[in-house]
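Scope of the values below: all heavy atoms of this structure, side chains included, with no hydrogens, waters or symmetry mates. Numbering of residues begins at 1 and proceeds along the displayed sequence. All values reported here derive from a predicted model rather than from experimental measurement.
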Amino acid sequence: FVWSAGSSGAVPFLTMFLLVVLWFGISVPLAFLGSYYGFKKEEIKNPVRFNQIPRQIPEQAWFMQPVFSVLVGGILPFGAVFIEMFFIMSSVWGHQIYYVFGFALLVLVILVVTCAEITIVMTYFQLCNEDYRWWWRSFLTSGSSA
């Protein structure tokens, strides 16, 4: 192990032991306590009636198919970040120092805002076409920019 070699990068055994004690002493009992109180509460009643048979989704246009819309939804956020990542990676690979971390933070904010906007617009298009299965596609639209 790293401890026996005397490495300075090794995490001390006592620190690891205390983290495990904190995990099993705080997190696990709180999880069981929360589940106990959750099962004791009465079941949530739906405020409206709903049909057990889901509605039939109308035929979608070719550009509203799941794979195509997720891929197209990821192109714009990827394009917004690609140029800055190119500069960062070229400076790392060229053994240069990258000084513009404030600009990189601005690019991160642009990425988050762009992903949110694209997800909202693509989900809106999907719901306008009466496709109620929007949950995973809205998640994958932002995730496809990675």
Side-chain angles (χ1 to χ4, degrees), residues 1-2 7-12 15-146:
F1 290 118
V2 183
S7 173
S8 62
V11 178
T15 304
M16 288 298 292
F17 180 73
L18 288 176
L19 285 174
V20 170
V21 166
L22 282 174
W23 175 261
F24 285 111
I26 295 175
S27 184
V28 172
L30 285 177
F32 284 119
L33 186 69
S35 65
Y36 172 73
Y37 283 120
F39 278 117
K40 276 182 56 174
K41 290 188 69 81
E42 63 183 53
E43 185 178 342
I44 298 173
K45 303 288 189 242
N46 288 326
V48 295
R49 287 182 352 124
F50 60 92
N51 195 358
Q52 294 292 336
I53 302 171
R55 283 182 66 178
Q56 190 172 8
I57 298 172
E59 186 68 31
Q60 302 291 314
W62 63 272
F63 54 85
M64 287 306 297
Q65 298 301 320
V67 174
F68 185 77
S69 65
V70 165
L71 289 177
V72 167
I75 287 176
L76 187 62
F78 175 77
V81 175
F82 176 75
I83 299 299
E84 181 61 26
M85 288 305 295
F86 174 76
F87 289 133
I88 291 172
M89 292 302 160
S90 62
S91 67
V92 167
W93 290 329
H95 301 291
Q96 299 171 353
I97 298 173
Y98 184 76
Y99 291 109
V100 198
F101 288 110
F103 187 68
L105 180 66
L106 178 68
V107 170
L108 174 68
V109 170
I110 290 172
L111 172 69
V112 170
V113 169
T114 307
C115 283
E117 289 174 346
I118 291 295
T119 300
I120 290 169
V121 167
M122 295 301 284
T123 305
Y124 175 75
F125 287 159
Q126 184 177 357
L127 291 174
C128 284
N129 286 323
E130 298 179 13
D131 190 355
Y132 56 84
R133 299 173 299 177
W134 58 271
W135 303 282
W136 281 106
R137 199 184 306 184
S138 66
F139 174 74
L140 292 173
T141 300
S142 289
S144 65
S145 65

Problem set entry | Plane angle bin for Phe78 and Phe82 - parallel if under 30°, tilted between 30 and 60°, otherwise perpendicular | tilted
Exercise. Can you check whether Phe32's main-chain N or O pairs, donor with acceptor, with Ser35's side chain at less than 3.5 Å?
Worked result: yes
Exercise. So Val70 and Met122, side-chain contact (heavy atoms from CB on, under 4.5 Å) or not? Walk me through it.
Worked result: CA-CA 9 Å; Val70 165; Met122 295 301 284; over 6 Å; no
Exercise. Going through the distances and angles, do Val81 and Ile110 end up as a side-chain contact (heavy atoms from CB on, under 4.5 Å)?
Worked result: CA-CA 8 Å; Val81 175; Ile110 290 172; over 6 Å; no
Exercise. In terms of heavy-atom contacts, does CZ of Phe39 have more than 12 from other residues, nucleotides or ligands at under 6.0 Å?
Worked result: no
Exercise. Do Ser138 and Thr123 have side-chain N/O donor and acceptor atoms under 3.5 Å apart?
Worked result: no
Exercise. Given side chains that start at C-beta, do those of Met89 and Phe87 come closer than 4.5 Å, heavy atoms only?
Worked result: no
Exercise. Does a side-chain heavy-atom distance below 4.5 Å link Gln60 with Asp131?
Worked result: yes
For this session: Identify the heavy atoms of Ile88 and Ala104 that sit nearest to each other, and give their distance.
Result: CD1-CB, 4.2 Å
Exercise. Which pair of heavy atoms, one from Trp62 and one from Phe68, lies closest together, and at what distance?
Worked result: CZ3-CZ, 3.8 Å
Problem set entry | Heavy-atom neighbours of Glu59 CD exceed 12 at 6.0 Å | no
Exercise. Which atom names give the shortest non-hydrogen contact between Ser69 and Arg137, and what distance separates them?
Worked result: OG-CD, 3.3 Å
Exercise. Are the side chain of Gln126 and the backbone of Met64 linked by a donor-acceptor contact shorter than 3.5 Å?
Worked result: no
Problem set entry | Set of salt bridge (charged side-chain N to carboxylate O under 4.0 Å, His left out) partners for Glu130, sequence neighbours left out | Arg55
Seminar exercise, completed: The reported gap from OG1 in Thr141 to CZ in Phe125 (rounded to nearest 0.5 angstrom) is 12.0 Å
For this session: Apply side-chain contact (heavy atoms from CB on, under 4.5 Å) to Leu105 and Leu108, showing your working.
Result: CA-CA 5 Å; Leu105 180 66; Leu108 174 68; 4.3 Å; yes
For this session: Check whether more than 12 heavy atoms from other residues, nucleotides or ligands sit under 6.0 Å from atom CH2 of Trp135, and answer yes or no.
Result: yes
For this session: Considering non-hydrogen atoms only, spot the tightest contact between Pro77 and Cys115 and give its length.
Result: CB-SG, 3.6 Å
Exercise. What's the spacing between Leu140 CG and Leu71 CG if we round to 0.5 Å?
Worked result: 10.0 Å
For this session: Identify the heavy atoms of Tyr132 and Leu127 that sit nearest to each other, and give their distance.
Result: CA-CD2, 4.4 Å
For this session: Could you check Thr119 against Ser142 for side chain to side chain donor-acceptor pair (under 3.5 Å), going step by step and ending with a plain yes or no?
Result: CA-CA 6 Å; Thr119 300; Ser142 289; 2.3 Å; yes
